[in-house]
Amino acid sequence: FLIGTIGFALQSKSSKKISELRLNASRLGLKIVPSNIGKNSFKNKDVNLMIYSLKNETNLKEAHFIRDKDKLILYSPVKLKYSDSFESLNEELQNISNSLEEVIFTSVSISFLWKELDGLDELKEIIKNFDKLKKF
């Protein structure tokens, strides 16, 4: 009984890895919030996912992209699809990372869901690639 209780209280290897990743992400300036807390605009309703957010320094103030198979597709607003810069924006988004599941741009932040098990290096690459979107 005692061994089972202690074993249950200890973190697994993957839990330790995720905890360390989230700590490092917050050190990089990302805000991390569980997807089941507060108003959640994401279409993916998996309560085990965390929402990562960073300051939006792009001119894109309203957009929602969802992964469909191997591509991020525009979910809303549809009018964005008809803007002059949409094609180049869409191309840049496709190159950010295959780990991204969903991305929401607001006037304040860029929030995203991604495959956390891909690790810290992948997260740093995502952040670096979001910086490339400043021209939009």
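No experiment lies behind these values; they were computed from the predicted model shown.
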| message | Rounded at 0.5 Å granularity, tell me how far CG in Leu21 sits from OH in Tyr52. | response | 4.5 Å

| request: Flag the pair Phe130 / Phe112 as yes when their ring centroid distance falls below 6.0 Å, and as no otherwise. | output: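 Centroid distance Phe130-Phe112: below 6.0 Å, so yes.
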
| said: Can you list, by chain and residue number, the hydrophobic cluster partners of Val108 when the side-chain cut-off is 4.5 Å? | reply: none

| field | Residues clustering with Leu117 (ILVMFWY side chains joined when closer than 4.5 Å, directly or via others) | value |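 Other cluster members: Ile18.
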
| query | Where the side chain of Arg22 meets the backbone of Ala25, is there a donor-acceptor pair that is under 3.5 Å apart? | reply | no

| task | Would you check if the side chain of Asn24 reaches a backbone N or O of Glu20 as a donor-acceptor pair within less than 3.5 Å? | result | yes

| task | Please report the C-alpha distance between Lys17 and Glu116 in whole Å, then the side-chain angles of each, then the deciding distance to 0.1 Å, and finally whether the salt bridge (charged side-chain N to carboxylate O under 4.0 Å, His left out) criterion is met. | result | CA-CA 9 Å; Lys17 183 179 177 182; Glu116 290 180 301; over 6 Å; no

Does [X] have any side chain to side chain donor-acceptor pair (under 3.5 Å) partners at least two apart in sequence or in another chain, and if so, which?
X	answer
Glu91	none
Lys71	none
Glu102	His64

| said: Tell me whether Lys115 is salt-bridged to Glu101, with the criterion being a basic N under 4.0 Å from an acidic carboxylate O. | reply: yes

| message | So, using salt bridge (Lys or Arg N to Asp or Glu O under 4.0 Å) as the criterion, who are the partners of Lys128 when residues are at least two apart? | response |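 For Lys128 the salt bridge (Lys or Arg N to Asp or Glu O under 4.0 Å) partners, ignoring immediate neighbours, are Glu125.
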
| query | Taking it one step at a time, do Thr106 and Glu62 satisfy side chain to side chain donor-acceptor pair (under 3.5 Å)? | reply | CA-CA 5 Å; Thr106 65; Glu62 180 188 359; over 6 Å; no

